Structure formats: C-alpha cells, structure tokens
Enquirer: 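Structure in structure tokens, see below.
All heavy atoms count here, side chains included; hydrogens, waters and symmetry mates do not. Numbering of residues begins at 1 and proceeds along the displayed sequence. Note that the structure is a prediction, hence the values are computed from the model and not measured.
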Amino acid sequence: MPSPSTTPDRELFSEERSSEVVAASFAGTTDPRLQTVLTSLVRHLHDFVKDVELTEDEWGAAIGFLTETGQACTPTRQEFILLSDVLGLSMLVETVNHRTGGTATESTVLGPFHMVDSPVRELGDDIALDGKGVPCLVSGQVTGPDGDPLAGATVDVWQTNEDGFYDVQQPDVQPAGNLRGLFTTDEEGRFWFRSVVPRYYPIPDDGPVGRLLAATGRHPYRPAHLHFIAAAAGHRTVTTHVFVADSPYLDSDAVFGVKESLVREVPEVDDAARADQVGLVNPFRTLTFDLSLLRD
C-alpha cells in the first residue's frame, strides 16, 4: 500500500485550485445532499476570499465575531437567527422553500421570539393580558388555494406590546403568554381574537449583530406587525407576518421581511354598539388578514 505522501493522483493545495482540492476531500461522503451542499459552500467561500483578498486580521475578526454571536445566545435570544435575518439569508431561505406562484399567502421570517409554545385560546379571546395598548379586533379566514375554507386549521399568533417588546423580553414586566395565542378555526375556516395594535421596534442591538448594523450605517428597526403560523391537515404550513400599513420602516425593515402582499390597513371603528358586541372599548381598530395554504 502506498504511503499517504505517495498516493497517486492526489492534487495538492494551491491558490488557483483551492476549492477543487477541498471539494475532492468530500468524495467519500455517503450522503449525496451533504456532499452537494459542502462542495458548493467551499466553492463560494473560497471565491469570496479570493475576490476580496481577505487579510489574516480580517479572518481573525470574523472568527471572533462569530464566537461572540454564539456566546450572545440565550434561551430567549438567538443571536445567530438575528445575524441570518439582517443579512437577508432568513428571508431568502423562506422564499426559496415556500414559492407560492401567487396562489397562496406569502411567507416571511419566523423571527427570534417564537421561543415558547403559544397558549391555547378560544375564538374571540383577548390575548392582551395586561390590558395595555390600542384595542384591535383581528380576524380572518384560512382557506385552501381554491378558496375552500379549512375548518380545524390552527393559527398561531404572537406580537409585541405597545412599547415594542415581546413577553419573553420582559418576563418581569409582561404576563407570561402575553400577546400570544393558538387558535383553531371554525367550520368556515374563520378565526378572530382581540388584541392591541402592535408597535414598530428595534431588534436586539446590544450584541455583535447590533455592532454590525451600526458599522454599516443601518438602523435596527422592524415595522409594526403580527406573526402568524397557519397549519391545516393536507396543506403546507405557512409562517408569515401581517404588517400595519401606516407603520414606519416598511421600506427599510432590518430583516427584509416585508412583502407587498402582507401589508394591511388597520382602520379605526367608532361604533359603540359594535365595540360592546366584540368586547372592546370604543373606538377600536380592526385588522383583517386571510391566509391561503397550498396543498401539501
């Protein structure tokens, strides 16, 4: 058997052929998808280094940045998701994996704050447990791609409070499960619940991702929105937002999550009888957001 130094046909590392040499080391990979992904990753990384002629100091700074990003992660904060979000990677992965062809609700990022199971709620419940904020009636219908109502679909929602914080960010301020809920649609695929109008807010910018934004002259803000995950048997689950039409930062979302089809007006209703009927103070705001799911 030849020694490793005399193995025939083994190409040695060179600047010109670096990615090919490294990719060849994956030849024994038994998982073809893993081999495809690693080969492409190496090719793009090596092309990047050659394109910018990355210095050793810059590479060291990058390693330090990624190390700090991992160290900033906690049970209620995922700094790597934030990094993926602000680079547009989260949105790109979502978009590539959930192409709708214009026949279903568009997806957007999950975000870093779906950290707990949403409490099960009944239709019509008020998810604003602290009673603060501008009251809002949220309603919609979950359908298949042809408009057929999906009874028994689940609608998972979560949002910020009037100050722009999620409950997991303020465990000593907000009640657990505040502004979260898991609803089941009725026989016509409809859902409705009481809440408050969400507020625009900054993503956490006191860590390495925040420093990256500051270094590139970018702000950390997201426009006001509610998160939704809609799921039904035999259909593809969609993770999405609905954005408040008059919110600032719609055109400069820090995580690139806004799509035109997901923006909705949230008009005011000044009707004491209607307010009494739905259990809200008058006047109140209304938000209607229908969700259409593709067949699985």
Side-chain angles (χ1 to χ4, degrees), residues 1-74 77-101 106-112 114 203-220 222 236-240 252-259 294:
M1 179 181 295
S3 66
S5 61
T6 60
T7 300
D9 301 324
R10 182 179 181 86
E11 184 178 4
L12 299 181
F13 191 92
S14 67
E15 179 178 337
E16 295 74 20
R17 296 272 299 165
S18 63
S19 61
E20 289 84 357
V21 171
V22 176
S25 72
F26 304 138
T29 306
T30 57
D31 183 335
R33 177 61 178 171
L34 177 61
Q35 183 178 24
T36 296
V37 170
L38 288 177
T39 299
S40 180
L41 175 65
V42 164
R43 175 169 57 84
H44 286 288
L45 285 175
H46 284 228
D47 285 347
F48 160 71
V49 170
K50 294 172 186 177
D51 180 45
V52 303
E53 296 195 337
L54 196 69
T55 70
E56 290 178 328
D57 285 345
E58 289 167 340
W59 181 236
I63 294 297
F65 174 80
L66 293 175
T67 300
E68 286 187 69
T69 299
Q71 292 169 340
C73 296
T74 72
R77 173 170 176 165
Q78 232 302 346
E79 195 79 0
F80 268 112
I81 291 180
L82 282 179
L83 178 59
S84 175
D85 289 349
V86 303
L87 295 177
L89 291 176
S90 298
M91 273 302 297
L92 182 58
V93 171
E94 278 283 346
T95 302
V96 167
N97 283 273
H98 299 279
R99 298 183 179 108
T100 67
E106 291 191 282
S107 65
T108 188
V109 292
L110 176 67
H114 191 255
I203 62 174
D205 61 350
D206 57 344
V209 172
R211 295 202 308 274
L212 175 64
L213 290 178
T216 55
R218 289 174 54 186
H219 68 72
R222 300 213 62 207
R236 290 173 58 180
T237 299
V238 65
T239 299
T240 192
S252 59
D253 183 2
V255 307
F256 307 97
V258 180
K259 295 180 178 178
L294 293 173

Enquirer: Can you find a heavy atom in the side chain of Val255 that is under 4.5 Å from one in the side chain of Arg222?
Expert: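 Val255 vs Arg222: side chains touch.
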Enquirer: Indicate the atoms forming the closest heavy-atom contact of Thr39 with Gln35, along with that distance.
Expert: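 Distance-wise, the nearest heavy atoms are OG1-O, 2.7 Å.
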Enquirer: How long is the span from the CD atom in Glu79 to the SG atom in Cys73, to the nearest 0.5 Å?
Expert: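 Nearest 0.5 Å value for the CD-SG distance: 6.5 Å.
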Enquirer: From Arg211 CZ over to Asp206 CG, what is the distance, rounded to the nearest 0.5 angstrom?
Expert: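 One gets 10.0 Å once the value is rounded to the nearest 0.5 Å.
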Enquirer: Under the rule for side chain to side chain contact (heavy atoms under 4.5 Å, CB included), what residues qualify as partners of Thr36, not counting sequence neighbours?
Expert: Arg33
Enquirer: If you compare all heavy atoms of Gly207 against all heavy atoms of Arg77, which two are closest, and at what distance to 0.1 Å?
Expert: N-NH2, 3.6 Å
Enquirer: Find the distance between CG (Leu294) and OG1 (Thr237) and round it off to the nearest 0.5 Å.
Expert: 11.0 Å
Enquirer: Taking all non-hydrogen atoms of both residues, which atom of Val209 and which atom of Phe65 are closest, and how far apart?
Expert: N-CE1, 4.2 Å
Enquirer: Is there a side-chain contact between Phe256 and Val109, using heavy atoms and a 4.5 Å cut-off?
Expert: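 No, every pair of side-chain atoms sits at 4.5 Å or beyond.
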Enquirer: Going by side-chain hydrogen bond (donor to acceptor under 3.5 Å, both in side chains), name the residues that satisfy it together with Glu58, two or more places apart in sequence or in a different chain.
Expert: Thr55
Enquirer: Can you establish whether the number of heavy atoms outside Glu11 located under 6.0 Å from its atom CD is more than 12?
Expert: yes
Enquirer: Check whether Ser40 reaches the backbone of Val37 with its side chain - one donor and one acceptor, N or O, closer than 3.5 Å.
Expert: no
Enquirer: Testing Thr108, Asp85, Thr95 one by one against Ser90 for a side chain to side chain donor-acceptor pair (under 3.5 Å), which residue passes?
Expert: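 Testing Ser90 for a side chain to side chain donor-acceptor pair (under 3.5 Å) against Thr108, Asp85, Thr95 leaves exactly one candidate, Asp85.
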Enquirer: Give a yes or no answer on whether the side chain of Thr240 reaches the backbone of Glu106 with a donor-acceptor pair at less than 3.5 Å.
Expert: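 Present.
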Enquirer: Looking at Lys50 and Glu15, what are the two nearest heavy atoms and their distance?
Expert: NZ-O, 2.7 Å
Enquirer: Hey, what do you get for CZ (Arg99) to OG (Ser107), rounding to the nearest 0.5 Å?
Expert: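 Interatomic distance, Arg99 CZ to Ser107 OG, rounded to 0.5 Å: 11.0 Å.
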Enquirer: How many angstroms lie between atom OG1 of Thr69 and atom CG of Leu82, to the nearest 0.5 angstrom?
Expert: 9.5 Å
Enquirer: Can you give the donor-acceptor pairs under 3.5 Å from side chains of residues 41-49 to other protein atoms, not counting sequence neighbours?
Expert:
unit_1, atom_1, unit_2, atom_2, d
His46, ND1, Ser18, OG, 2.8

Enquirer: Tell me if a side-chain donor or acceptor on Arg218 pairs with a main-chain N or O of Ala254 at a distance below 3.5 Å.
Expert: yes
Enquirer: So, do Leu213 and Ile203 sit near enough that their side-chain heavy atoms are less than 4.5 Å apart?
Expert: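 With C-beta onward as the side chain, the pair touches.
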